[in-house]
Structure formats: structure tokens, C-alpha cells
Amino acid sequence: DDQTRGLARQASTDPAAFGRLWQRVAPATLAFLSLRAPATLSRHLGPDDLLNDTCLRVWKGFSTFDENCGTFRAWTIAIARRVLADALARLARTPVTEFQSNTESQRSPVDDPPAEITSVSRVAARHEGLRLLIARIATWAEPDRKLFLARAIEDREHKDIAAALGISVEAAEKRWQRLRRELRDLE
């Protein structure tokens with residue numbers, strides 16, 4: 001939306017604007033990480049840690065964000081996907097006793113985003129309504145979780161989702177409507 005694009009323009013020079021921008025995407029990013037992280041990783045590194053790693057990478061790489069190439073949320077989710085892939089790769093090659101988040105192992109104080117930005121991640125991670133929503137979605141069948149992530153979090157079009165899931169566009173639209181009804185019933 002226009003407000004997010006305006007914040008993105010301000011955020012390159014204003015940490016407070018970056019904090020407001022991160023506040024807009026942190027819940028969706030946490031949901032993405034929570035629903036995509038396999039149990040083997042979650043036992044060692046929780047979604048909160050992955051969200052912090054993502055926040056750090058978004059902060060450090062913000063100068064490369066180009067609104068002409070996509071939305072800030074899509075760019076952030078792409079970074080979160082990379083954080084998740086990197087964490088899985090580290091887990092595969094690192095003894096469990098030595099495994100820690102990227103944030104803990106590779107951060108220097110110079111890289112740290114301002115405290116108000118990381119506090120947004122903590123608030124999102126502790127939000128009970130978001131946790132309940134994620135827990136509910138985690139009980140869905142894999143195709144429904146994939147559809148939810150692709151449509152609600154990644155903001156992909158029904159035709160792209162249908163192709164990825166091997167279903168018709170109409171089936172993707174109907175499933176999305178059913179999932180939205182189910183989520184409304186949670187309120």
C-alpha cells in the first residue's frame with residue numbers, strides 16, 4: 001500500500017521509520033517462519049530466533065531493497081526463506097550442542113538494529129492471538145498450509161498457487177475462501 005511504500009522510502013535514513021515498517025511485516029514473517037520451519041529445526045532454533053535473524057538481515061540489507069522489484073513484505077519473506085534455508089544447512093553440518101542462531105554467532109554490535117526495531121520482533125513473537133492463529137494453521141493439511149502461506153503471507157496470485165499445488169485456479173480460489181471462513185470463525 002502507499003503508506004508502506006512511503007515508510008520504505010523514509011526507512012533508508014530514519015531508523016524509526018524502519019521500525020514502523022518492520023512492525024508491519026514482523027507478524028506475517030513470524031507466521032511464515034513458524035509454519036515453514038520443520039520440527040527438526042524448531043527443537044533447536046525457534047521461530048523467534050529465526051525472526052530475529054531475519055530482522056538483522058533485513059536491517060543490514062535494506063539498502064538493496066527496490067520497491068520497483070516487489071513489495072517490502074515479499075522481499076522480507078524472501079529473506080526469511082533464506083534464513084530458514086541457512087539454518088537448516090547449519091543444523092545439518094553442526095553438532096547439535098554447538099548449534100545456535102545466526103544472530104548469536106555472527107553478529108557484531110555495529111550490525112545491531114536499534115532496540116525499538118528488535119522490540120517489535122519480541123512483541124510479535126509474544127502476541128497470543130498470533131500464536132493461536134499459527135497453532136491453528138499448523139493443524140491444517142499441508143496443501144491448505146501451503147495455500148495459506150502463498151496467498152496470505154506471500155501475496156501470490158491464485159493462478160500461481162494453483163500451478164504450484166497442481167490444482168485448478170477455481171479450486172485454489174474455493175479453498176482460499178474456505179480457509180478464510182475458517183479463520184473468521186476463530187474470532
Side-chain angles (χ1 to χ4, degrees), residues 1-38 41-42 44-94 98-127 130-131 133-134 146 148-157 159-161 164:
D1 67 20
D2 290 339
Q3 202 172 28
T4 302
R5 283 190 288 281
L7 279 174
R9 284 186 212 103
Q10 291 174 358
S12 61
T13 58
D14 179 6
F18 183 87
R20 292 189 303 277
L21 187 61
W22 179 247
Q23 188 172 20
R24 289 174 171 258
V25 299
T29 307
L30 180 62
F32 173 83
L33 292 165
S34 297
L35 295 167
R36 288 282 185 173
L41 179 62
S42 297
H44 307 288
L45 190 62
D48 307 2
D49 298 313
L50 295 168
L51 183 65
N52 287 334
D53 285 355
T54 302
C55 178
L56 180 61
R57 286 195 196 183
V58 167
W59 170 255
K60 287 170 64 174
F62 186 74
S63 64
T64 65
F65 171 67
D66 181 357
E67 69 180 73
N68 296 317
C69 295
T71 66
F72 180 70
R73 182 167 67 173
W75 183 73
T76 300
I77 295 298
I79 291 172
R81 187 177 285 114
R82 186 76 238 156
V83 164
L84 190 56
D86 290 350
L88 287 167
R90 273 195 329 276
L91 181 61
R93 69 176 184 268
T94 306
E98 298 174 21
F99 188 77
Q100 59 185 348
S101 79
N102 206 29
T103 300
E104 294 170 357
S105 64
Q106 298 178 0
R107 184 174 71 196
S108 75
V110 174
D111 295 330
D112 285 350
E116 63 267 15
I117 295 169
T118 55
S119 68
V120 169
S121 296
R122 285 192 300 277
V123 168
R126 291 187 188 127
H127 190 276
L130 181 58
R131 289 245 181 240
L133 176 66
I134 291 168
K146 285 182 177 181
F148 173 82
L149 286 168
R151 186 71 183 134
I153 305 297
E154 299 175 43
D155 204 27
R156 293 174 50 197
E157 297 294 325
K159 65 181 173 85
D160 298 330
I161 297 167

From Arg36 CZ over to Ile153 CD1, what is the distance, rounded to the nearest 0.5 angstrom? 10.5 Å
Side-chain touch Asp48/Leu30, heavy atoms, less than 4.5 angstrom: yes
Taking Val83 as the fixed residue, which of Asp49, Asn52, Thr54 is the one that meets the side-chain contact (heavy atoms from CB on, under 4.5 Å) rule? Thr54
Can you name the nearest heavy-atom pair linking Ala11 to Leu21, along with the distance? CB-CD2, 4.1 Å
With a 4.0 Å cut-off on N to O distance, would you call Asp86 and Arg81 a salt bridge? no
Walk me through it: do Gln10 and Arg20 pass the test side chain to side chain contact (heavy atoms under 4.5 Å, CB included)? CA-CA 10 Å; Gln10 291 174 358; Arg20 292 189 303 277; 3.6 Å; yes
Give me the atom names and distance for the closest heavy-atom approach of Thr64 to Trp75. OG1-CZ2, 3.6 Å
Is there a donor-acceptor pair closer than 3.5 Å between any side-chain N or O of Arg151 and the backbone N or O of Arg156? yes
Answer yes or no: is there a side-chain heavy-atom contact under 4.5 Å between Phe32 and Thr76? no
Side chain to side chain donor-acceptor pair (under 3.5 Å) filter on Glu67, not counting sequence neighbours, yields Arg9
Atom of Ala28, atom of Ile77 and distance for their closest heavy-atom approach: O-CD1, 4.2 Å
Mind listing the closest non-hydrogen atom pair of Ala37 and Leu50 along with its distance? CB-CD1, 4.1 Å
Could you walk me through whether Val58 and Phe72 pass the side chain to side chain contact (heavy atoms under 4.5 Å, CB included) test, one step at a time? CA-CA 10 Å; Val58 167; Phe72 180 70; 3.8 Å; yes
Heavy-atom pair with the smallest gap, counting every atom of Cys55 and Trp22: CB-CZ2, 3.5 Å
Which heavy atom of Leu33 sits nearest to which heavy atom of Ala80, and what is that distance? CD2-O, 3.7 Å
Is the closest side-chain heavy-atom distance between Leu45 and Arg90 below 4.5 Å? yes
